[in-house]
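Read through the structure below, which is laid out as structure tokens, and then see the notes.
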Amino acid sequence: MGDRYELKKPFPNLPAQAQPAVCRILDANLDRAREGLRIVEEWCRFGLDSSELAGECKQLRQEIAKWHTQDLRAFRDTLGDVGTDLSHPQEEERAGIQQLLQANLCRIEEALRVLEEYGKLYHPEMGAAFKQMRYRIYLLESNLLGYQRQQKLLRSHLYLVTSESENLFAVVEAALQGGLTLVQYRDKDADDDVRVEAAQKLRQLCRRYEALFIVNDRVDLALAVDADGVHLGQQDLPIAMARQLLGPHRIIGRSTTNPDEMRRAISEGADYIGVGPVYETPTKVGKAAAGLEYVRYAAQNASVPWFAIGGIDPTNLNDVLSAGAERIAAVRAIMEAEQPTLVTQYFLSQLSRLQTLRALKAQLPQSHV
């Protein structure tokens, strides 16, 4: 077919009076699909620095362009299109990158479905071609979401694990306002209906602030509320089974208390691990502290992102960081704080300062270290 598809017998089964309308439908949706893909491609290229995802968007755009012939463009009638003035309030604003991408991916998928159906009237191969493209967009959407989650995880250095609180949502939002980007919902005692409602509200909060939302223990609850992932204890589901249920693009974390558990969690495919409890804590009743020695071990041996956890607060934070931690998880230090926003900002400022110092140290000649 060369660079463009040759239309030997367009509209083999369509009355002549209906052909201009179908051409206009195809032209509009070819434009819509290409525009949406370009918007997604730009974020993959400049926002995520992913040549693989950007390349797939570009490839799809080029394949769609082959169908966008001058024959179809000739039927365009912008002034006579009754749909140009139709709009919806949600189209006038975007709450963040996530919403922007989701809106345009939906736009692409809808356009491809229109092209698949009306294309069957236009050319024998068009319907099948756009059906395959639609499946590729579904895969692109899944890969894009998974890639974004992993990038957010890598950039997250403070992890809030919630505890029971009358002010749960207010505290979490205050922490998010302070710059928090990773939240785990943990409530082992509430009834399921209470947990579902709380998890849905927390997920909405996290989406509003473009933070990751993780559910403790419960894979079913994580799926029910469309969480970004799940955190598993040593006695919870095997990681392989959780991965089978959650799919390849959600995050799975695992608690570890010693080097053997760490090695096993990493080999089984955990995306991140918890390292602790560093200090004795009432959230882990009866569990001895792993101590700073385990933090030092993790700093030397962990090959996935890891968060020191357990009794960490502003009074002992520097000891934990000095032992090699670059990421920490907090529970009471934020959940019971009088000013959760300020405590969050303090943690983040100390973590950021540490990153800067270690980066500068790495740049110095070895003789100066």
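Throughout, numbering of the chain's residues begins at 1 and tracks the sequence. Just so it is clear, the model here is predicted, and its values are computed rather than measured. All heavy atoms count here, side chains included; hydrogens, waters and symmetry mates do not.
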Rounded at 0.5 Å granularity, tell me how far [atom1] in [X] sits from [atom2] in [Y].
X	Y	atom1	atom2	answer
Phe75	Gln19	CZ	CD	7.5 Å
Ile137	Ile108	CD1	CD1	5.0 Å
Leu237	Leu245	CG	CG	7.0 Å
Leu212	Arg203	CG	CZ	13.5 Å

Look at the side-chain heavy atoms of Ile, Leu, Val, Met, Phe, Trp and Tyr, link any pair under 4.5 Å apart, and say whether [X] and [Y] land in one connected group.
X	Y	result
Leu205	Val331	no
Ile214	Val196	no
Ile309	Leu160	no
Leu37	Leu26	yes
Met133	Leu72	yes

For a quick check under 3.5 Å, do Tyr159 and Gln184 share a side-chain donor-acceptor pair by atom type? yes
Under 3.5 Å, is there a donor-acceptor pair between the Gln59 and Glu63 side chains? yes
Does this structure show an ion pair linking [X] with [Y], if we count only N-O contacts that are shorter than 4.0 Å?
X	Y	value
Arg136	Glu56	yes
Arg38	Glu42	yes
Arg107	Glu110	no
Asp313	Arg332	no
Lys152	Asp228	no
Arg208	Glu173	yes
Arg218	Asp187	no
Glu197	Lys201	yes
Asp226	Arg250	yes
Arg24	Asp27	no
Arg134	Glu109	no
Asp217	Arg186	no

Start with the C-alpha distance between Ile64 and Phe130, add both sets of side-chain angles, then the distance that settles side-chain contact (heavy atoms from CB on, under 4.5 Å), and finish with yes or no. CA-CA 8 Å; Ile64 292 171; Phe130 280 94; 4.0 Å; yes
Looking at side-chain heavy atoms only, is the closest gap between Trp43 and Gln148 below 4.5 Å? yes
State, with a plain yes or no, whether a side-chain heavy atom of Gln234 is found less than 4.5 Å away from one of Thr256. yes
Parallel, tilted or perpendicular, as decided by the 30° and 60° cut-offs, for the rings of Tyr138 and Tyr135: tilted
Name the orientation class of the two ring planes belonging to Phe307 and Tyr272 (parallel below 30°, tilted from 30 to 60°, perpendicular beyond 60°). perpendicular
Candidate pair Leu182 and Phe213, rule side-chain contact (heavy atoms from CB on, under 4.5 Å), full reasoning: CA-CA 6 Å; Leu182 181 53; Phe213 177 62; over 6 Å; no
Test His231 against Val215 for side-chain contact (heavy atoms from CB on, under 4.5 Å), laying out the working first. CA-CA 6 Å; His231 183 86; Val215 170; over 6 Å; no
Determine, stepwise, if the pair Gln98 / Leu145 fulfils side-chain contact (heavy atoms from CB on, under 4.5 Å). CA-CA 9 Å; Gln98 189 65 37; Leu145 189 55; 3.5 Å; yes
